[in-house]
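Here the structure is laid out as C-alpha cells; the discussion comes afterwards.
Numbers restart at 1 for each chain; the letters A, B, ... are given by sequence-line order, proteins then strands.
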Amino acid sequence: MNQYSKLVSTEIAKVLRETPFELDLSVDDVMQLLEVPSDSSHGDHAFPCFTLAKQLRKSPAMIASDLADRVQAQLTESDAFSQIKSVGPYVNFHVDSSHRAKSLIPAIVFGDFLSRRPDKACRVMVEYSQPNTHKAFHVGHTRNVALGDALVRICEWAGYDVIAANYIGDVGAHIAKCLWYFRTFYTGEIPDERRGEFLGEMYTRAVELLDFSLLTRAPHPGVVTARVQSIQPHPNKKNLQIVKVESGNQVNQVVCGGTGFAVGDIVPYANVGSRVGGRIVSVADFEGVESNGMVCSEKEVSLGDDNLKIFVFPNETLVGEEIAEILRVDGALPPTQSVIKEIEKRERGVSEVLHALEQGEPEITELWKKTRQWSLDEFDEIYEWLNARFDHIFYESDVSDSGKSVVKEFLEKGVLVKSEGAIGADLSQFKLPFFLLLKSDGTGLYSTKDIALAQLKFEKFKVDKSVYVVDYSQSLHFQQVFKTLGLMGFEKADLCYHLPYGLVVLPEGKMSSRVGNIILFSELQERLVDTIRTQYLSKYEGEWSEDEINASARRIAIGTIKYGMLNHDNNKNIVFELTEWTSRTGNTGPYVMYAYARIASILAELDEIDENEIQYELLTHETENDVMRRLANFPSVVCEAAESYQPQLVCVYVYTLAKDFNRMYENCPVKQAETESLRVARAALIKATGMVIKKALELIGVEAVERM
RNA sequence: GCCCCGGUAGCUCAGCUGGAUAGAGCAACUGACUUCUAAUCAGUAGGUCACAGGUUCGAAUCCUGUCCGGGGUGCCA
C-alpha cells in the first residue's frame, strides 16, 4: 500500500463508474484486486480484468485495453505515471521514476520515512528466550533469542508499545538432577569462568546416569512378568476386559483396555504401588469393577510405540520376575548388582535433593542460590553480546506458589475440576484434551506456573497482547493455556499468541546430549568470530585499530547468526552446519552488510549532499528504478512482518534490496558519474539505500559496519 | 487412534490473502578485478511444486483424500 496504488485504485474506480462500464466498485475493492507484477518490466501496479469479464460480458483483454485508454485520458494532467498500458488482460501502470524519486528520497534521507510508525496505543508483551538455569545454552536457544529480539524491534517500529520479557526456569527437576550429580559425584575443580556451562555439564552427566535405558531395556521397577489366567468381557463397558493374571503365588484381577494378548501369554504386570508412565498405580474402580494394578502396553514399558497393544514375552520367560532384570543390558552393571536397586537408589538421590529444595533446607538452598547466579551471569553475558534487550525478567520461582493458589481458587469457583485426584481444566468443549494443572500430590506443574504468569502479565503489566516465543513442541500446551485463561474470565485470553518455531538440527539429526553433539553457544561464538577475523578481516591488520577489528568481527558474527536463524520459515527446522555458516557467501547476513559497507565507503569520499541540488529526474537507469521501487516498500514490509510475526520477511526484503543495490553498483558509478549533477543524484539514492539497509538490519537485531 | 506442522532444482531455502515465463543461495560450468571494496557482478545448466481428485477463466498457492517426514497427545518442562 503506497501513494501510487491508492491513486491507481481511485482512478480506476472512477472510470469504472462511468459508461460504458457502469460498475460500482469502491476504491478499496479495486485496491484488493490490484497486484504487483512479478516481473518489473510489466510495471509497478497491475489491474487484472478477469473478474470484470463476466459482468461485462466482454473479453478481459478488451476491457483492459478500453480501461487503459480511459484512465490514461483521465490522468493526462498527472506526471505520476510514465506509462499506462494494457497487456493482454492486464492494465499495467509504470510509475514515473523521477516522480517517485522526488518524494521518496528526501523522505528517507531528510524526512521521517524510517521513523517509528504512529503509536497504536497497544501494549504487547513479547516473552522469549526462557532459558533454564543449570543447563547449557546452545545454538537452538540462539534461534529463540534472534526471533524474539527481532520481533520486539519490528513490533516497536510498527507502533506497538512493546515489553520484552524473559522467563527464566530456575526451579524444577532439572536443577535437582544437576545438583544431585554435583554434590554426589563431582570431585574436580570449579572453574573460574563459564560456570553456567559447567553446570550444564553437570546436568548432562546426571541425565546420563539417570538414563536407565542404558541399564535395561525396560526401566520400570515394580513391573513383573505374569501369566494370563483368564479374560472376560467387562459387564458395563465394551472396550474393557477383566483379566486375571498370576505372578509368583498371587492372582490379581485387572481391568484392561489393551489388545493383542490371549490366555496363557506372559505379559508385563504393574502391581499396585509401582510407577508406570510417571504415575503411581493404585487400586481403581472401572465402571463398577475393581482393578488391582495394570497390564502394560508396549509403550508403557518402553518396548514399543503402541499404546494399546499389550507386550507379550516369549513363552519360556520366567513368571514373577522384574522385567527390568529380565531385559537388563549386558555389561552395564556388574552381574551381581541389581538393576532395580540401582535405579531406585539413583532416583531416590534426585528426589531427596528436589524435596530438600522445596522445603527450603538451608544448605541446599544456599547451593541453589549460588549456582543459579552462575547461570544468570552467563545469560547476561550472552544477551549483551547478542545485543538482545529485556525490559522485565520473570523467574519461575516467583510464580510457582501463586500458581498453586490460583488453581485452588478457580477450583472453588467451579471453573476447574478435580479428576483422578488431580486438578485441571476440562477443555472438551474446545475439542482439546484435559489440561492438568495440579498433580494429585498437590505439587505444581509447568502449566500451573504459566497460568499464574499470564495473570501477572494481564493484571500487573496491563498488556493488551501477549506473545510467547516458544518452540513448536509446545503448541498444544499453549492452546490449552489460552483456553483455560478464557474459562477463567480473562478477556484478553484471545489476544495471547504462541509463536512456534522449529528446531535447529544437525545434518545427522537432532542435537542430543546423549550423542554428545550439542553445539554450545560459546562454541558457535568463538568459531564464528575466529573465522571472520582470520578469513576476512586479517587484511586490515595494521590499517585498522585492534578495537575496530574486534568490534567488526563481533557485529559480522552477529549478522551471520541472526540472519541465518531468521531467514527461515518459523515452522521449519533449520539444518545447522557450522562450517557452512562460517564460510558461506550469497544469501547471508554478511552479504547484506557488505552492500552497506560499499555504500558507506563511497559516501565517505563524497561531499555532504545538499538537498536543494538533487536533480531526481536524472535517475533513469533501470537498476536505479528497481532500487527505488524496493525502497518504497520498506514500511509495508515491516508492518506486515509485525502483524504476522515473521521477521523473516525483513530478511527477504533486505536481501533483495542489497541484491538490487549490487546490480546498480555495477551499472551506475557514483564517483565516476558522467556529470556532477548525476553524481549528486546518485549519491542521494545510495545514501537512501544505505539508510534503509541499516534500518532493516537494525530491526533484525544486526548492527551494520561502515567498512568490512 | 486422534490433533498440529511440513513435503518446491542435487543440497539449503524463498514464493502460499489464487494471476502473466515457479525464484534465490550453495555445489558444477563460462566470463568480468590498471575500475566507487571481487564477502561482488554477468551468464550456462538444473523443476511431474510428494501423489490423486475437486473448485475456478486461471492452482505451487484454496478444498478433499492418499503417501512420506516431524511434533504433540493427564500427573516432564
Are any protein N/O atoms closer than 3.5 Å to N/O atoms in nucleotides 55-61 of chain B? If there are, list each pair with its distance.
residue	atom	partner	partner atom	Å
B/C57	OP1	A/K54	NZ	3.1

Excluding sequence neighbours, so at least two apart, what forms side chain to side chain donor-acceptor pair (under 3.5 Å) with A/N567?
A/N587
Taking B/A24, B/C13, B/G15 as options, the one with an atom nearest any side-chain atom of A/K659 is B/A24
B/A9 versus B/C63 - spacing of their P atoms, nearest Å
22 Å
Closest approach to the side chain of A/E35, judged atom by atom: which nucleotide of B/U37, B/G19, B/A77 is it?
B/G19
If you check the A/A46 side chain, which of B/G74, B/C36, B/A20 turns out closest?
B/A20
Could you pull out the protein-nucleic contacts involving nucleotides 43-45 of chain B (nitrogen or oxygen on both sides, under 3.5 Å)?
none

If the P atom of B/A32 is compared with that of B/G69, how far apart are they to the nearest Å?
49 Å
What integer number of Å spans the P atoms of B/G53 and B/C16?
26 Å
Tell me, please, which residues at least two apart from A/Y446 pass ring-ring contact (aromatic ring centres under 6.0 Å, His included).
A/H477
By the ring pair (Phe, Tyr, Trp, His ring centres under 6.0 Å) test, which pairs, at least two apart or in different chains, include something from residues 582-606 of chain A?
A/Y591-A/Y655
Separation of A/I693 atom CD1 from B/U40 atom P, in whole Å?
14 Å
Per the salt bridge (Lys or Arg N to Asp or Glu O under 4.0 Å) rule, what does the pair list look like for residues 555-573 of chain A, sequence neighbours excluded?
A/D149-A/K562, A/R555-A/E703
Short of 4.0 Å, heavy atom to strand atom, which residues of residues 593-600 of chain A count as contacting RNA chain B?
A/Y594, A/A597, A/R598
Those residues at least two apart in sequence (or on a different chain) that pass side chain to side chain donor-acceptor pair (under 3.5 Å) with A/R346 are A/E342
For nucleotides 5-8 of chain B, which of its nitrogen or oxygen atoms have a protein nitrogen or oxygen under 3.5 Å away, and what is each distance?
residue	atom	partner	partner atom	Å
B/G7	OP1	A/K572	NZ	3.2

Rounded to the nearest angstrom, tell me the gap between atom OH in A/Y468 and atom C1' in B/A77.
15 Å
A/Q429: what forms a side chain to side chain donor-acceptor pair (under 3.5 Å) with it, not counting sequence neighbours?
none
What nucleotide, of B/U37, B/C41, B/C36, holds the atom closest to the side chain of A/E666?
B/C41
Of the listed nucleotides B/G74, B/C36, B/G25, the one nearest the side chain of A/K671:
B/C36
Who passes side chain to side chain contact (heavy atoms under 4.5 Å, CB included) against A/E548, sequence neighbours left out?
A/W544, A/S545, A/S552, A/R707
Enumerate, in order of first residue number, the stems that involve RNA chain B, defined as 3 or more consecutive Watson-Crick or G-U wobble pairs with both distances under 3.5 Å.
B:1-7 with B:67-73, B:10-13 with B:23-26, B:28-32 with B:40-44, B:50-54 with B:62-66
Reckon A/S440 touches a base, only the sugar-phosphate, or nothing at all at heavy-atom distances under 4.0 Å?
base
Any side-chain N or O of A/Y665 below 4.0 angstrom from OP1/OP2 of B/A38?
yes
Using a distance-only criterion (donor-acceptor N/O pair, under 3.5 Å, no hydrogens), is the base of B/G23 paired with the side chain of A/S38?
no
Applying a 4.0 Å non-hydrogen cut-off, can you work out what A/A173 is touching in the nucleic acid: base, sugar-phosphate, or nothing?
nothing
